[in-house]
**Q** 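Mind looking over this structure? Questions follow.
Ligands are counted one by one from 1 in listed order, and the atoms in each one are counted from 1 as well. It should be emphasised that the depicted structure is a prediction, and the values quoted were computed from it without experimental measurement.
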Amino acid sequence: MKRTILLAALILAAAISLTGCRSHKVAITAHRGFWKSEAVANAPNSLASLGEAQANGFWGSEFDVNMTADGRLVVLHGPMIQTVNAQASPAAALDTLVLENGEPVPTLDSYLSLGAKSKCVLVFEIKAHQTAERSVEVTKACVEALKAHGLFDPERVIFISFSYDACKWIAANAPKFTNQYLGGDKSPSQLHEDSINGLDYHFSVLQKNPGWIEEAHALGMSVNVWTVNDAAIMQEMIEAGVDCITTDEPLLCREILGKKERR
Ligand code: MG
């Protein structure tokens, strides 16, 4: 019986790969968590925004991981971390900084404590730092933090980064994870040569390079697109065959996808 089921599964898998028939389902990633909720005034990258993404059942929740000048890993977007790091005491500056919803800036530890309970895939953006060495140092620290929270698991976490050095480090040291480069300046074949197994590009890059989605899929790579908030462009990207859409408007995207949403 088991052999019959296995055989049937193999035939089905072969048929799907021969026809090139993909599931056509598209995942939604809430950009910096889901913070444009009507019910709650969240702030992007807040713990509340991750909780909201989880409560609404989105496939993924994206967040930005930065390191302060004095070595603290925090969930905070670029310009705000630069303000913190420009102060004489980044730690003191960070401690007084609150997000728009009044929440303190989450440490990566507090974020991952909640993330460990979340059903969302954690779309973990390792922010590019000033030098390649620093970006790699931050990447290593991020991996250690994930291990400490029991989240060093390709089913729970995918990595995205504008730092090519971070992507290359993940490719060499955590090859089972989905590892998407954000920069938009490399073709799927170029990424594949460096063992980077995915891309997450701005929609304008995919509009300019319409063959890249098919090229990436032929190489077994995943394709995400950021950050699409416009209904017409969402529709265009769905038809173009992306696997995942990152958006500040996940409910709109859900409405457009209907039964095509991958959860
Ligand atoms: Mg981000």
**Q** In Asp64, what N, O or S atom is nearest to the Mg ion (ligand 1), if we give its atom name?
**A** OD1
**Q** Got a salt bridge between Lys36 and Glu249, using NZ or NE/NH1/NH2 to carboxylate O under 4.0 Å?
**A** yes
**Q** Per the salt bridge (Lys or Arg N to Asp or Glu O under 4.0 Å) rule, what does the pair list look like for residues 132-141, sequence neighbours excluded?
**A** Arg134-Glu137
**Q** Relative to the Mg ion (ligand 1), which of the N, O or S atoms in Glu125 is the closest?
**A** OE1
**Q** Can you confirm whether more than 12 heavy atoms, excluding those of Gln190, are under 6.0 Å from its CD atom?
**A** yes
**Q** Find out whether the Lys NZ or Arg CZ of Lys186 is both under 6.0 angstrom from the six-membered ring centre of Tyr164 and within 45° of the ring's axis.
**A** yes
**Q** With the Mg ion (ligand 1) as the point of reference, which N/O/S atom of Glu62 is the closest?
**A** OE2
